[in-house]
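Residue numbers count from 1 along this sequence.
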Amino acid sequence: MEIHHADYHVTYDPTTATVTCQGSFRLQGNAEYTPILEVLTAAVDAKPAPLMLDIRALQFLNSSGINTLAKFVLYVRKHNASQLVMQGNSHYPWQQKSLKNFQRLLPGLHLEIA
C-alpha cells in the first residue's frame with residue numbers, strides 16, 4: 001500500500017511489517033488524513049509482530065496529523081494486534097515532544113528516537 005503526494009509519502013511494506021512516513025503532513029482536518037489512517041489500520045489488521053512505524057523522515061506533522069497518529073495508536077490498543085515500534089528522529093523537535101505522549105495511550109509502545 002502506498003500514498004504518493006507532492007509533499008509526503010506513506011508506504012506499507014508487509015515483508016518487513018513497516019509503515020514509512022516521509023515529508024510533511026500539512027493536510028487540513030481529519031477527512032484529508034483518512035487515506036493515511038487507512039494505510040496504518042490495514043497494517044495493524046495484517047497482525048504483524050512487531051509492527052514498525054518509521055517516521056524518521058517525517059519533518060512536519062500538524063495537529064490533525066497528531067490526532068490521526070493518536071487514533072492509530074488507539075486502534076492498535078483496541079485490537080491488541082501487534083507490538084508497535086515507533087522510530088523517530090531527534091532532529092525534529094515535534095517528534096521528541098509528541099511521540100512520548102503516545103506511550104500514555106499505549107503503554108507497551110516501544111519508542112526508538114535517534
Side-chain angles (χ1 to χ4, degrees):
M1 299 182 86
E2 296 185 38
I3 300 172
H4 292 285
H5 186 274
D7 296 327
Y8 62 88
H9 300 285
V10 179
T11 58
Y12 172 56
D13 181 354
T15 60
T16 61
T18 302
V19 177
T20 304
C21 301
Q22 301 173 326
S24 295
F25 286 176
R26 298 177 188 271
L27 291 82
Q28 299 299 313
N30 291 330
E32 290 189 19
Y33 278 97
T34 298
I36 294 170
L37 185 59
E38 288 173 354
V39 170
L40 293 168
T41 56
V44 173
D45 292 342
K47 298 186 182 355
L51 173 61
M52 305 289 288
L53 177 59
D54 182 352
I55 58 171
R56 293 176 290 184
L58 187 60
Q59 301 165 356
F60 179 82
L61 183 68
N62 64 13
S63 59
S64 294
I66 290 172
N67 185 40
T68 298
L69 287 184
K71 287 179 183 178
F72 163 65
V73 169
L74 291 172
Y75 187 87
V76 171
R77 184 176 81 181
K78 179 180 178 183
H79 291 85
N80 199 21
S82 301
Q83 165 66 42
L84 180 60
V85 178
M86 278 190 174
Q87 296 176 315
N89 187 333
S90 63
H91 295 328
Y92 303 122
W94 74 266
Q95 290 190 14
Q96 291 185 38
K97 294 176 186 175
S98 299
L99 296 185
K100 291 178 184 175
N101 289 328
F102 293 131
Q103 286 182 313
R104 293 180 183 157
L105 299 174
L106 183 66
L109 172 67
H110 180 72
L111 286 179
E112 296 177 357
I113 301 176

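Considering every non-hydrogen atom in both Leu109 and Met86, the closest pair reads CD1-CG, 3.9 Å. Here the closest non-hydrogen pair linking Val19 and Val10 is CG1-CG1, 4.2 Å. For the residue pair Gln95 and Ile113, the shortest heavy atom distance occurs at O-CD1, 4.3 Å. Closest heavy-atom contact between Met1 and Ala42: SD-CB, 3.5 Å. Nearest heavy-atom pair, Ala17 versus Pro48, reported as atom, atom and distance to 0.1 Å: CB-CB, 3.4 Å.
Grouping Ile, Leu, Val, Met, Phe, Trp and Tyr by side-chain contacts under 4.5 Å, direct or through others, leaves Phe60 on its own.
Val73 and Val85 sit in two unconnected hydrophobic clusters of ILVMFWY residues. Membership requires side-chain heavy atoms under 4.5 Å apart, directly or through other members.
Leu105 CG to Leu74 CG: the interatomic distance, rounded to the nearest 0.5 Å, is 5.0 Å. Here the OG1-NE2 distance, from Thr20 to His9, works out to 11.5 Å after rounding to the nearest 0.5 Å. Summarising the geometry, atom CG belonging to Leu111 is positioned 10.5 Å from atom CD belonging to Gln87; distances are rounded to the nearest 0.5 Å. The CD1 atom of Ile55 lies 9.0 Å from the CZ atom of Phe25; values are rounded to the nearest 0.5 Å. Separation of atoms CG (Leu84) and CD (Gln103) is listed at 10.0 Å; rounding is to 0.5 Å. Taking CD from Gln22 and CG from Asp54, the interatomic distance works out to 7.5 Å, rounded to the nearest 0.5 Å.
Looking at residues two or more places apart in sequence or on another chain, you find a side chain to side chain contact (heavy atoms under 4.5 Å, CB included) between Ile66 and Leu61, Ser98, Phe102. Remark: His79 pairs with Tyr75, Ala81 by the side chain to side chain contact (heavy atoms under 4.5 Å, CB included) rule, at least two apart or across chains.
Using a 4.5 Å heavy-atom cutoff, the side chains of Gln96 and Ser90 are in contact. Looking at heavy atoms from C-beta onward, Leu99 lies out of side-chain contact with Tyr92 at the 4.5 angstrom threshold. At least one side-chain heavy atom of Leu27 sits less than 4.5 Å from a side-chain heavy atom of Tyr8. Contact check for Tyr33 versus Asn67: no side-chain heavy atoms found under the 4.5 Å cut-off. The shortest side-chain heavy-atom distance between Val44 and Phe72 falls under the 4.5 Å cut-off. Side chains of Val76 and Leu40 form no contact here, defined as non-hydrogen atoms less than 4.5 Å apart.
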For the pair Lys71 and Asn30, evaluate side chain to side chain contact (heavy atoms under 4.5 Å, CB included) and give the outcome as yes or no after the intermediate values. CA-CA 10 Å; Lys71 287 179 183 178; Asn30 291 330; 3.7 Å; yes
task = Dump the intermediate steps for side chain to side chain contact (heavy atoms under 4.5 Å, CB included) on Met52 and Thr16, then the final yes or no.
result = CA-CA 8 Å; Met52 305 289 288; Thr16 61; over 6 Å; no
task: Check the pair Trp94, Leu58 against side chain to side chain contact (heavy atoms under 4.5 Å, CB included), reporting the backbone distance first and the verdict last.
output: CA-CA 10 Å; Trp94 74 266; Leu58 187 60; 3.9 Å; yes
